[in-house]
2 protein chains.
Amino acid sequence: MSTLADLIERYIKQQIRHSEDQTVALSRAQLAELFSCVPSQINYVLTTRFTLERGYLIESRRGGGGYIRIAQISKAERDRLAEELFMEIGAEISEREAEQFLASFHDLDVITGKQVKLIRAILQRETAMTAQNRDALRASLLRGIIIMIMYK
Amino acid sequence: MSTLADLIERYIKQQIRHSEDQTVALSRAQLAELFSCVPSQINYVLTTRFTLERGYLIESRRGGGGYIRIAQISKAERDRLAEELFMEIGAEISEREAEQFLASFHDLDVITGKQVKLIRAILQRETAMTAQNRDALRASLLRGIIIMIMYK
DNA sequence: CCTTCTTTGACCATGTCTGACCTTTATTTA
DNA sequence: TAAATAAAGGTCAGACATGGTCAAAGAAGG
């Protein structure tokens with residue numbers, strides 16, 4: 001049985017399919033009106049079904065002329081973004097930055113959740129072994145591992 | 001879906017692009033007339049979209065023959081401003097501040113429109129995951145991402 | 001039952017636009 | 001040329017128009 005959230009999700013995805021550029025702009029209030037529900041229900045659907053992990057970008061604006069725009073990131077686009085992200089790995093990165101990269105690569109479906117854990121463990125283990133230049137080592141490792149996965 | 005302010009902003013930016021020296025001089029009253037709105041609407045657009053942080057200089061004069069001149073600053077100047085802007089990212093920033101920073105970096109050509117969207121999504125996603133210290137996390141993420149882009 | 005997902009509503013934050021009133025500068029007039 | 005007047009532009013508060021958040025109640029599934 002479909003829930004309201006499912007219906008709204010389906011509706012939005014249909015709109016995206018029918019669009020030219022895999023993007024829809026909608027009014028939260030109007031959508032809520034269309035489905036006879038409270039506006040915040042729309043937020044619920046967005047936060048549970050149109051996340052970055054699932055390949056969607058959401059942007060919105062309040063006030064007069066406000067809107068919610070949902071864009072589906074295409075496979076090619078994701079690859080491009082992943083490529084860009086990869087280029088952004090500097091010569092040296094902190095543990096925290098490495099963590100951010102891992103999360104982003106995961107979001108872009110470059111690596112799985114298990115791979116994230118494995119890579120994290122590898123980074124920790126390897127950097128613990130050397131006394132200097134851990135950040136550089138971490139960057140090299142991350143780069144090496146990611147490129148292996150990307151071009152497998 | 002565009003608001004009046006958006007239309008006026010677009011119009012002015014177009015004028016600047018079509019100019020020789022990245023500068024336009026306009027009459028507040030005439031512009032207001034052109035867009036059928038009150039003159040103060042022009043001020044609204046100027047103060048929200050053509051700020052120094054975003055790379056524009058405004059000068060004006062009242063009285064007979066008065067004018068408003070908008071100038072887009074040079075590339076070198078923009079780089080300097082971007083540097084300054086970066087330094088202004090505090091230890092903790094709100095979502096709204098992050099949004100302003102993104103708009104500013106975008107106007108200063110540090111990041112592309114697509115990068116803005118991606119970064120916004122990443123910030124939202126990451127901050128949604130942790131319950132505390134969101135502002136601090138947001139600041140770190142923004143700093144990290146921007147600096148990687150700036151010095152890539 | 002217990003947990004997780006869904007739905008709602010009260011309250012919040014932010015963006016836009018207008019109009020009344022103010023200030024500055026140029027031009028005209030006495 | 002000082003005063004008056006006209007011709008710009010500036011400020012600000014308030015009305016509106018949206019979207020966002022969060023906690024709690026309700027529903028569905030194990």
Side-chain angles (χ1 to χ4, degrees), chain A residues 1-12 24-51 54 56-70, chain B residues 1-12 24-52 54 57-70 93-104 117 120-121 123-132 134-135 138:
Chain A
M1 198 47 215
S2 293
T3 64
L4 216 204
D6 291 333
L7 294 178
I8 297 173
E9 174 186 10
R10 220 170 295 157
Y11 175 81
I12 293 174
V24 274
L26 45 88
S27 140
R28 188 180 78 145
Q30 274 176 32
L31 231 203
E33 173 71 22
L34 181 59
F35 286 93
S36 305
C37 63
V38 293
S40 57
Q41 174 70 3
I42 305 304
N43 295 80
Y44 175 70
V45 174
L46 295 182
T47 55
T48 57
R49 276 103 157 140
F50 293 88
T51 62
R54 296 194 181 186
Y56 295 92
L57 287 181
I58 307 281
E59 42 175 340
S60 65
R61 216 162 95 181
R62 307 184 189 190
Y67 59 79
I68 294 178
R69 193 171 298 149
I70 305 168
Chain B
M1 282 295 220
S2 289
T3 64
L4 217 203
D6 292 333
L7 295 177
I8 297 173
E9 174 187 10
R10 221 170 295 159
Y11 175 82
I12 294 174
V24 274
L26 45 87
S27 140
R28 188 180 79 145
Q30 274 177 32
L31 232 203
E33 173 69 23
L34 180 59
F35 286 94
S36 305
C37 62
V38 293
S40 57
Q41 174 70 4
I42 305 304
N43 296 81
Y44 175 70
V45 174
L46 295 182
T47 56
T48 55
R49 277 107 155 138
F50 293 88
T51 63
L52 182 60
R54 294 193 178 188
L57 285 180
I58 307 280
E59 47 176 334
S60 65
R61 225 168 118 165
R62 309 183 187 193
Y67 59 82
I68 294 177
R69 191 171 299 148
I70 305 168
I93 59 177
S94 67
E95 200 171 336
R96 176 195 216 181
E97 288 170 320
E99 205 52 56
Q100 289 169 352
F101 274 115
L102 287 178
S104 298
K117 291 178 187 177
R120 179 154 46 213
L123 293 186
Q124 275 169 4
R125 179 177 182 285
E126 299 299 324
T127 56
M129 291 175 112
T130 182
Q132 332 106 297
R134 286 185 182 175
D135 287 358
R138 188 158 24 230

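Below, chain A is the first sequence line, B the second, and so on; all start at residue 1. Just so you know, these numbers use all the heavy atoms, side chains as well, and skip hydrogens, waters and symmetry mates.
Within 6.0 Å of CD in B/Glu59 there are more than 12 heavy atoms belonging to other residues, nucleotides or ligands.
Rounded to whole Å, the distance from CG on B/Asp6 to P on C/dG15 is 12 Å. Distance A/Leu7 CG to C/dT6 P: 12 Å, rounded to the nearest Å. For the pair B/Phe35 CZ and C/dT18 C1', the interatomic distance rounds to 17 Å; values are reported in whole Å. To the nearest angstrom, P of C/dT7 lies 14 Å from CG of A/Leu31. As rounded to whole Å, 14 Å separates atom C1' of D/dG19 from atom CZ of B/Arg120. Per the geometry, CD belonging to B/Glu9 stands 13 Å off C1' belonging to C/dG15, to the nearest Å. As a whole-Å value, the separation of A/Glu33 CD from C/dT8 P is 13 Å. In this entry the distance linking CD of B/Glu59 with P of C/dT25 reads 13 Å, nearest Å.
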Each nucleotide of nucleotides 1-10 of chain D classed B (base within 4.0 Å of a protein heavy atom), S (only sugar-phosphate) or -, in 5' to 3' order, makes ------BBBB

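Between the side chains of A/Ser40 and A/Asn43, no donor-acceptor pair is found at a separation under 3.5 Å. Under 3.5 Å, the side chains of B/Ser2 and B/Arg10 contain a donor-acceptor pair of N or O atoms.
Looking only at side-chain heavy atoms (C-beta outward), B/Arg120 and A/Leu57 stay at 4.5 Å or farther from each other. Annotation: side chain of B/Leu46 is in contact with side chain of B/Ile12 (closest heavy-atom distance under 4.5 Å).
Within the 3.5 Å criterion, the main-chain N or O of B/Ser94 finds a donor-acceptor partner in the side chain of B/Glu97.
Contact annotation for B/Ile42: no contact, since no heavy-atom pair falls under 4.0 Å across all strands.
Within the 4.0 Å cut-off from OP1 or OP2 of C/dT6, at least one side-chain nitrogen or oxygen of A/Arg49 is found.
Between A/Tyr44 and B/Ser36, the residue anchored closer to the 5' end of DNA chain C is A/Tyr44, taking for each the nucleotide with the nearest heavy atom. Where B/Ser94 and B/Gln41 meet DNA chain C, the nucleotide closest to each residue was compared, and B/Ser94 sits on the side nearer the 5' end.
Which of C/dT18, D/dT21, C/dT7 sits closest to the side chain of B/Cys37 comes down to C/dT18.
Judged by a 6.0 Å distance limit and a 45° cone about the ring axis, B/Arg69 is positioned over the six-membered ring of B/Tyr67.
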